Amino acid sequence: MERLAICLLIISTSAKAMMCPKRCSCQNVSPSFTILCTKTGLLFVPPTIDRRTAELRLMDNFITTLRRKDFANMTDLIHLTLSRNTISQVMPYAFFDLKGLHALHLDSNRLTFVSEEHFKGLINLRHLILSNNQIHYIAPGSFDDFIDTVEDLDLSYNNLIDIPWETIGRLSSVNTVGLDHNLIEYVPEGIFSNLHKLARLDMTSNKLKKIPPDPLFSRIPVYAKSKGSPLTSLVLSFGGNPLHCNCELMWLRRLTREDDLETCASPPELMGKYFWSIKEEEFVCEPPMITHRTSKLEIMEGKSVSLKCKAVGDPDPYVRWISPDGKLVSNTTRTMSYDNGTLDIFTTRFTDRGNFTCIASNAAGESTANVELVVNQFPNLANSTSYEKEIESGLSDILTPAKSSIPSNETKSLHDRKVVVAELTSSSALIQWPPQSHIPGIRMYQIQYNSSLDDILIYR
Ligand SMILES: *[C@@H]1O[C@H](CO)[C@@H](O)[C@H](O)[C@H]1NC(C)=O
Ligand SMILES: *[C@@H]1O[C@H](CO)[C@@H](O)[C@H](O)[C@H]1NC(C)=O
Ligand SMILES: *[C@@H]1O[C@H](CO)[C@@H](O)[C@H](O)[C@H]1NC(C)=O
Ligand SMILES: *[C@@H]1O[C@H](CO)[C@@H](O)[C@H](O)[C@H]1NC(C)=O
Ligand SMILES: *[C@@H]1O[C@H](CO)[C@@H](O)[C@H](O)[C@H]1NC(C)=O
Ligand SMILES: *[C@@H]1O[C@H](CO)[C@@H](O)[C@H](O)[C@H]1NC(C)=O
Ligand SMILES: *[C@@H]1O[C@H](CO)[C@@H](O)[C@H](O)[C@H]1NC(C)=O
């Protein structure tokens with residue numbers, strides 16, 4: 001009570017006086033306020049923080065949640081440190097008022113994801129430190145408010161398998177990017193090409209098998225360690241990745257670098273060897289070789305079919321198909337062309353028939369093979385796309401042979417009856433039709449079909 005009275009007294013005597021939360025130490029080095037609350041057992045951000053504070057350090061506490069009101073109106077805040085707490089939840093727009101914030105340290109907490117609302121409003125942010133969390137997902141728009149200002153982005157020691165690369169590629173002022181000690185499997189080609197200020201890129205200890213060449217890397221010298229490297233160079237670290245040392249990594253081997261401890265994980269003959277000790281000519285690729293394929297396939301029109309073409313090579317080849325009319329087969333509702341060489345056609349048409357060409361390609365070349373598809377047309381049903389569907393009896397002459405004596409006024413009601421063809425294979429079919437007991441005198445039905453084997457009409 002006594003303390004509160006003193007506080008109030010100070011406030012009333014000087015508008016610039018500062019409230020200092022319990023157990024914290026506060027400095028008023030005019031014109032900026034600094035509040036230091038380290039190892040004070042805080043469970044949440046103290047509500048009594050002076051809104052004019054410029055530097056707020058709350059590390060080594062037990063804060064679990066950052067709420068919208070915690071930093072409301074703190075437009076003068078420049079530096080915010082929340083390292084080594086237990087923060088697992090950041091409410092949307094928690095930092096929204098921090099228009100002047102330059103540095104946000106959230107390392108060693110329990111964040112699992114970053115959403116688009118988390119860092120909204122941080123329009124002057126330069127340093128974002130998110131290392132040592134459990135982040136597995138970052139929404140693509142999360143860094144939009146400081147995409148042009150951020151200089152230092154640290155995402156190391158998290159659980160990232162993938163990151164929004166397109167966002168990384170737009171960080172135009174970025175100088176340091178830490179992506180090390182994650183589970184990243186893939187880096188897209190050319191993603192760093194516009195990061196002209198990039199000086200340090202750490203991708204150590206991830207799951208990268210390859211690192212694509214990037215225009216940035218050929219423009220400026222790249223080194224393994226900052227020690228002794230020229231100022232205008234890029235320090236690129238990628239040790240501790242399961243590198244696949246084939247011709248695709250030749251560009252990296254050719255860079256001017258001091259020795260570092262990167263090793264190759266494959267191919268078998270280079271496993272465990274030091275990257276920089278392997279001769280350039282040992283970084284080889286193998287052109288694709290087609291090992292298995294369907295040579296000829298015969299199918300009934302309307303059925304689904306899988307054409308297969310399996311290829312080996314280094315790097316793993318991908319397979320594309322050319323249809324008999326010379327067009328590249330794309331993914332449609334009726335066709336699916338997988339990279340592994342399988343082409344699925346879900347409802348074959350008679351016009352699909354002919355020779356398909358599969359093309360297996362990789363960095364070292366390509367290889368092609370022919371697969372012949374024979375599509376057998378179903379007699380009298382040339383117009384239908386799916387034979388499992390019902391066929392109007394009036395369209396088929398199966399039920400209305402020329403010599404039939406059905407009275408003409410029966411035609412309409414006959415139209416309502418259906419003939420169904422089911423369980424279709426290349427050599428058998430089940431044909432069902434409703435009984436015609438209302439027509440007097442029917443003793444038998446006649447089925448007429450045209451066999452593709454002998455081209456003869458057969459009556460049964
Ligand atoms: C922030 O400022 C608004 C308007 O001045 C005021 O209503 C609100 O109570 C302030 N919030 C805090 C947490 O100081
Ligand atoms: C078709 O889709 C599959 C699976 O989504 C994909 O792997 C394949 O690359 C696609 N093929 C083409 C030709 O785009
Ligand atoms: C290729 O991939 C597709 C879809 O993943 C799969 O259905 C098919 O069996 C695969 N083919 C081969 C030859 O592995
Ligand atoms: C497909 O190719 C084979 C030989 O490769 C040829 O005998 C056959 O006539 C071709 N089929 C068609 C429909 O062009
Ligand atoms: C197929 O349908 C078209 C129009 O729908 C028609 O002109 C053609 O005669 C039909 N062909 C057969 C064999 O029924
Ligand atoms: C069809 O014609 C017969 C006699 O020709 C007649 O008895 C019957 O009522 C007619 N049926 C219909 C549906 O018109
Ligand atoms: C039987 O089918 C073949 C091929 O579809 C055709 O050329 C032939 O004219 C048909 N025969 C009759 C009698 O419809």
Side-chain angles (χ1 to χ4, degrees), residues 137 140 161-166 183-191 207-213 244 246 248 266-267 285-379 381-383 385-388 425-427 450-455:
Y137 176 72
I161 293 172
D162 198 9
I163 56 174
W165 284 110
E166 188 268 338
L183 306 165
I184 301 167
E185 292 173 344
Y186 165 77
V187 180
E189 196 164 337
I191 207 72
K207 302 264 182 241
L208 294 169
K209 287 186 177 163
K210 74 180 207 182
I211 299 168
H244 180 60
N246 67 4
E248 293 178 300
S266 58
C285 284
E286 277 160 32
M289 192 172 75
I290 293 168
T291 51
H292 294 93
R293 71 183 162 105
T294 326
S295 56
K296 185 173 175 176
L297 215 60
E298 206 166 330
I299 184 89
M300 212 62 199
E301 194 183 0
K303 282 284 169 185
S304 329
V305 67
S306 254
L307 306 187
K308 294 203 167 85
C309 198
K310 187 160 168 42
V312 295
D314 182 9
D316 283 339
Y318 63 92
V319 175
R320 289 288 173 264
W321 291 84
I322 305 287
S323 65
D325 55 359
K327 291 190 189 117
L328 186 68
V329 179
S330 53
N331 285 341
T332 66
T333 50
R334 218 169 61 81
T335 55
M336 197 68 167
S337 166
Y338 296 103
D339 295 354
N340 66 8
T342 300
L343 169 63
D344 287 336
I345 305 178
F346 301 115
T347 312
T348 48
R349 293 181 185 149
F350 184 62
T351 48
D352 291 333
R353 74 195 185 280
N355 282 319
F356 283 76
T357 310
C358 70
I359 307 177
S361 326
N362 71 8
E366 60 179 50
S367 166
T368 64
N370 235 24
V371 176
E372 188 176 359
L373 179 65
V374 178
V375 180
N376 292 320
Q377 249 179 323
F378 201 75
L381 298 171
N383 266 1
T385 49
S386 169
Y387 295 121
E388 313 266 289
T425 71
S426 59
S427 59
N450 183 349
S451 163
S452 58
L453 284 180
D454 46 17
D455 261 20

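The structure presented is a predicted model; accordingly, all values stated were derived computationally and were not measured. Quick note: numbers below take in every heavy atom, side chains included, and nothing from hydrogens, waters or symmetry partners. Read the numbers this way: they start at 1 and go in the same order the structure lists the ligands and their atoms.
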Pair D316-K209, salt bridge (charged side-chain N to carboxylate O under 4.0 Å, His left out): steps then yes or no: CA-CA 12 Å; D316 283 339; K209 287 186 177 163; over 6 Å; no

4.5 Å side-chain heavy-atom contact, R334 and D352: yes

Side-chain donor/acceptor of T291 to backbone N/O of K310, under 3.5 Å: yes

Atom 6 (C) of ligand 3: the protein heavy-atom neighbour that sits closest, reported with distance to 0.1 Å: N340 ND2, 4.3 Å

Distance from atom 8 (C) of ligand 4 to nearest protein heavy atom, with residue and atom: N355 ND2, 3.8 Å

Protein residue, atom and distance nearest to atom 7 (O) of ligand 4, heavy-atom basis: E372 OE1, 5.0 Å

cation_pi(R320, Y318) dist<6.0 Å, angle<=45: no

Minimum-distance protein heavy atom relative to atom 13 (C) of ligand 3: T342 OG1, 3.7 Å

Element-labelled atoms of ligand 4 that are located less than 4.0 Å from some non-hydrogen atom of N370: 2 (O), 5 (O)

Beyond-backbone contact of V375 with V305, side-chain heavy atoms, under 4.5 angstrom: no

Check: M289 main-chain N/O paired with S367 side-chain donor or acceptor under 3.5 Å: no

Top protein contact for atom 14 (O) of ligand 2, by heavy-atom distance: N331 ND2, 3.6 Å

S337 side chain vs L343 backbone, donor-acceptor pair below 3.5 Å: no

Protein non-hydrogen atom found under 4.0 Å from atom 11 (N) of ligand 3: yes

Taking atom 4 (C) of ligand 2 as the reference point, the nearest protein heavy atom with its distance: M336 CE, 3.9 Å

Within-cutoff protein neighbour (heavy atom, under 4.0 Å) for atom 2 (O) of ligand 4: yes

Atom 9 (O) of ligand 2: nearest protein contact (heavy atom, Å): D339 OD1, 2.7 Å

Under 3.5 Å: N/O of Y338 near N/O of ligand 2: no

Side chain N376, main chain E298, donor-acceptor under 3.5 Å: no

